*Asks:* 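Quick one: this structure, given as structure tokens, is what I'll be asking you about.
So you know, we letter chains A, B, ... as the sequences are listed, proteins then strands, and number each from 1. Given the structure is predicted, the values throughout are model-derived calculations rather than measurements.
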2 protein chains.
Amino acid sequence: MKIDPKSPADLSAQIAKAIRDAIMSGDLLVDERLPSEAELADQFNVSRPTVREALKRLGAQSLIRTQRGATGGAFVNRLRFEDAYGQQITTSTLLLSMNDVSFAVACEARYALERACAPLAAARRSADHLATMRAEAHRQSQPGLTDEAFCASDVAFHRALVDAAGNPVISYQLAGAVEAMQPLMNMITFTARSRERIVQLHSRIADGLENHDAEAVDITLAELASYTNELAQAVIDARAAARDAQ
Amino acid sequence: MKIDPKSPADLSAQIAKAIRDAIMSGDLLVDERLPSEAELADQFNVSRPTVREALKRLGAQSLIRTQRGATGGAFVNRLRFEDAYGQQITTSTLLLSMNDVSFAVACEARYALERACAPLAAARRSADHLATMRAEAHRQSQPGLTDEAFCASDVAFHRALVDAAGNPVISYQLAGAVEAMQPLMNMITFTARSRERIVQLHSRIADGLENHDAEAVDITLAELASYTNELAQAVIDARAAARDAQ
DNA sequence: CAATTTTCATTTGTCAGACAATTAAATGTA
DNA sequence: TACATTTAATTGTCTGACAAATGAAAATTG
């Protein structure tokens with residue numbers, strides 16, 4: 001693990017990269033303890049604050065964890081799917097909001113990927129996943145629900161659908177696509193009528209999964225995708241009209 | 001933006017969270033300048049090194065960028081898809097290697113998600129994407145190619161396929177799934193025979209896209225998935241046999 | 001006056017040294 | 001042996017300082 005002392009700026013970034021590479025290449029194994037901050041400072045010929053900045057960078061990516069005390073130090077972290085979800089969702093959400101991704105594009109991505117889960121989910125869905133989906137669909141039919149709570153429940157429903165595929169890699173990859181849609185969905189006002197329609201489609205999806213009927217699920221997802229797009233388009237059109245009238 | 005001074009540990013994490021929340025909620029806009037480190041230290045009642053650790057955390061997630069000099073400082077970064085790819089790939093790769101994800105599970109995820117792109121890619125593929133795929137397929141048929149180079153070309157081929165769907169959100173989400181497979185693929189020894197088969201399938205995929213034939217692409221991807229699994233299974237079986245013989 | 005150079009203030013990057021808080025192991029004690 | 005105490009190692013934080021970069025303002029020059 002070496003850094004280039006000639007390029008003086010961003011020493012902490014270089015150190016972080018060196019350690020990250022060591023982790024990625026397998027030079028540092030899971031749960032292995034890194035040298036103490038003082039030792040690292042010696043090795044890299046930098047000061048302890050600089051080492052600490054590097055370690056914080058790695059900590060932000062969940063690549064290491066630190067522990068105080070006599071036997072403490074920085075340890076290579078076993079990156080868990082659950083830990084990675086949060087970052088994935090944060091990043092996806094910001095990507096959508098900062099790059100002016102249209103509702104249509106985000107929606108297309110979400111449903112295209114979700115439909116990829118349909119066959120697996122239909123084959124493997126557990127009673128648990130089904131129960132979650134039914135419960136969320138029921139919650140969505142409650143009259144007093146705010147739009148925001150409705151959206152949150154919608155996300156929970158779709159995450160259960162994704163998780164039903166029983167493949168942690170898929171669940172991880174799709175967490176971002178599903179959750180990042182929530183801010184976009186929040187711009188929609190869900191009337192009683194549209195909620196009813198959505199709940200109906202959700203129920204049909206749950207039915208399809210219960211009957212191991214992948215095709216039914218796929219078709220219903222396609223319907224849901226186009227209906228969601230319709231709703232969003234209505235909002236967009238209404239806003240455009242309001243702006244023109246002004 | 002407030003932090004809790006009572007819980008003394010991990011002040012820098014709290015500060016990072018406060019700023020991250022401000023970015024996510026829209027309180028801080030893209031390209032907006034944060035207060036200087038000294039000002040932040042005052043505001044949060046901590047020292048400058050602590051503030052710096054927090055900023056490095058945010059920098060590691062590409063949420064901010066910093067600039068030296070008179071008008072420098074930390075700025076809210078416009079998170080670009082290209083910037084996010086790297087992190088996505090790093091995280092996905094580590095997730096697979098650290099959680100003992102089997103080849104079969106990773107492969108299933110990759111092809112399930114790729115097949116979701118098939119209809120979109122068939123409809124929208126540009127000449128550029130096709131050319132990339134043809135070129136990679138041709139490279140894969142070169143005799144002298146190392147297994148590693150073959151895998152790298154395979155990844156490039158599949159990324160072009162994903163990008164052909166013309167949806168940046170999908171490209172981003174799938175970057176991880178596609179690239180993280182490479183270390184797993186690298187354990188396979190690709191014989192001339194198997195390479196020939198794979199190149200053939202790749203060519204069929206390119207043909208399908210050229211003809212806007214989504215179904216052909218889908219079917220070929222399914223074949224490729226099962227063939228890849230076969231190859232991996234053979235490696236796994238051979239290793240098990242070698243271990244038993246020992 | 002305009003163009004160029006110089007100076008300067010601001011800000012991040014880095015360093016050195018210090019102390020507090022935490023924690024497990026070593027040590028002492030009943 | 002069981003329990004309390006001490007100790008050493010380590011991270012977390014602070015203070016103060018200087019270096020390096022950089023744009024803006026001031027001074028200089030044609």
Side-chain angles (χ1 to χ4, degrees), chain A residues 1-20 23 28 31-77, chain B residues 1-20 22-23 28 31-78:
Chain A
M1 270 192 316
K2 282 277 167 61
I3 59 171
D4 179 12
K6 272 156 269 168
S7 61
D10 268 327
L11 287 176
S12 71
Q14 288 179 55
I15 293 169
K17 180 175 186 322
I19 297 176
R20 182 165 35 239
I23 294 174
L28 289 168
D31 290 333
E32 190 172 335
R33 185 181 174 282
L34 291 154
S36 73
E37 293 174 357
E39 285 173 298
L40 285 172
D42 269 0
Q43 281 183 31
F44 287 113
N45 249 298
V46 297
S47 67
R48 196 158 79 94
T50 301
V51 167
R52 281 182 63 77
E53 287 178 9
L55 294 180
K56 294 307 167 195
R57 291 178 123 107
L58 299 173
Q61 296 175 291
S62 305
L63 295 187
I64 61 168
R65 61 177 188 279
T66 57
Q67 212 175 351
R68 285 218 267 200
T71 58
F75 298 83
V76 178
N77 198 30
Chain B
M1 268 191 320
K2 283 279 167 60
I3 59 170
D4 179 12
K6 273 157 266 168
S7 62
D10 269 329
L11 287 177
S12 72
Q14 288 179 55
I15 293 170
K17 181 175 186 321
I19 297 176
R20 183 163 36 238
I23 294 174
L28 289 168
D31 291 333
E32 191 172 334
R33 185 180 174 281
L34 289 143
S36 73
E37 293 174 355
E39 285 174 296
L40 285 173
D42 268 1
Q43 280 181 33
F44 288 113
N45 249 297
V46 297
S47 67
R48 195 158 81 94
T50 302
V51 167
R52 281 182 63 78
E53 287 177 9
L55 294 180
K56 294 308 166 198
R57 292 178 123 107
L58 298 173
Q61 296 175 292
S62 306
L63 296 189
I64 61 168
R65 62 178 187 278
T66 57
Q67 210 174 354
R68 284 217 268 201
T71 58
F75 298 83
V76 177
N77 198 28
R78 155 160 278 123

*Asks:* When you measure from the side chain of Thr50(A), which nucleotide among dT11(D), dC15(C), dT12(C) comes out closest?
*Replies:* dC15(C)

*Asks:* Roughly, in whole Å, what's the span from CZ in Arg68(B) to P in dA21(D)?
*Replies:* 5 Å

*Asks:* What's the CD-P distance between Glu37(A) and dG12(D), to the nearest Å?
*Replies:* 6 Å

*Asks:* Starting at atom CG of Leu11(B), determine the distance to atom C1' of dA20(C), rounded to an integer number of angstrom.
*Replies:* 12 Å

*Asks:* Asp10(A) has an atom CG; how far is it from atom C1' of dT14(C), in whole Å?
*Replies:* 12 Å

*Asks:* If you compare all heavy atoms of Ala54(B) against all heavy atoms of Ser12(B), which two are closest, and at what distance to 0.1 Å?
*Replies:* CB-O, 3.3 Å

*Asks:* Closest heavy-atom contact between Phe75(B) and Asp31(B)?
*Replies:* CD2-O, 3.6 Å

*Asks:* Could you tell me the separation between the CD1 atom of Ile64(B) and the P atom of dT11(C), rounded to a whole number of Å?
*Replies:* 16 Å

*Asks:* What nitrogen or oxygen pairs link the protein and nucleotides 16-19 of chain C at under 3.5 Å?
*Replies:*
residue : atom : partner  : partner atom : Å
dA18(C) : N6   : Arg48(A) : NH2          : 3.3

*Asks:* Are Ile15(B) and Leu40(B) close enough, and set up right, to give a side-chain contact (heavy atoms from CB on, under 4.5 Å), and what steps lead you there?
*Replies:* CA-CA 9 Å; Ile15(B) 293 170; Leu40(B) 285 173; over 6 Å; no

*Asks:* Without decimals, in angstroms, what is the distance between Phe75(A) CZ and dT11(D) C1'?
*Replies:* 11 Å

*Asks:* What pair of heavy atoms forms the shortest contact from Gln61(A) to Ala60(B), and how long is it?
*Replies:* NE2-O, 4.1 Å

*Asks:* Rounded to whole Å, how long is the line connecting atom CG of Leu40(B) with atom P of dG13(C)?
*Replies:* 13 Å

*Asks:* Using nucleotides 8-10 of chain C, report all nitrogen or oxygen pairs with the protein that are shorter than 3.5 Å.
*Replies:*
residue : atom : partner  : partner atom : Å
dT10(C) : O2   : Ala70(B) : N            : 3.2

*Asks:* Between Arg33(B) (side chain) and Gly72(B) (backbone), is there a donor-acceptor pair under 3.5 Å?
*Replies:* yes

*Asks:* Which heavy atom of Leu55(A) sits nearest a heavy atom of Leu34(A), and at what distance?
*Replies:* CD2-CD1, 4.4 Å

*Asks:* Once you round it to whole Å, what is the distance between P of dG12(D) and CZ of Arg52(A)?
*Replies:* 5 Å

*Asks:* If you look at every heavy atom in Ala74(A) and Ile64(A), which pair is closest and at what distance?
*Replies:* CB-CD1, 4.2 Å

*Asks:* May I ask you to evaluate whether Thr66(B) reaches the phosphate of dT11(C), defined as a side-chain N or O under 4.0 Å from OP1 or OP2?
*Replies:* no

*Asks:* State, to 0.1 Å, how close Ala16(A) and Arg57(A) come at their nearest heavy-atom pair, and which atoms those are.
*Replies:* CB-CD, 3.9 Å

*Asks:* Are the side chain of Asn77(B) and the backbone N or O of Arg65(B) linked by a donor-acceptor pair below 3.5 Å?
*Replies:* no

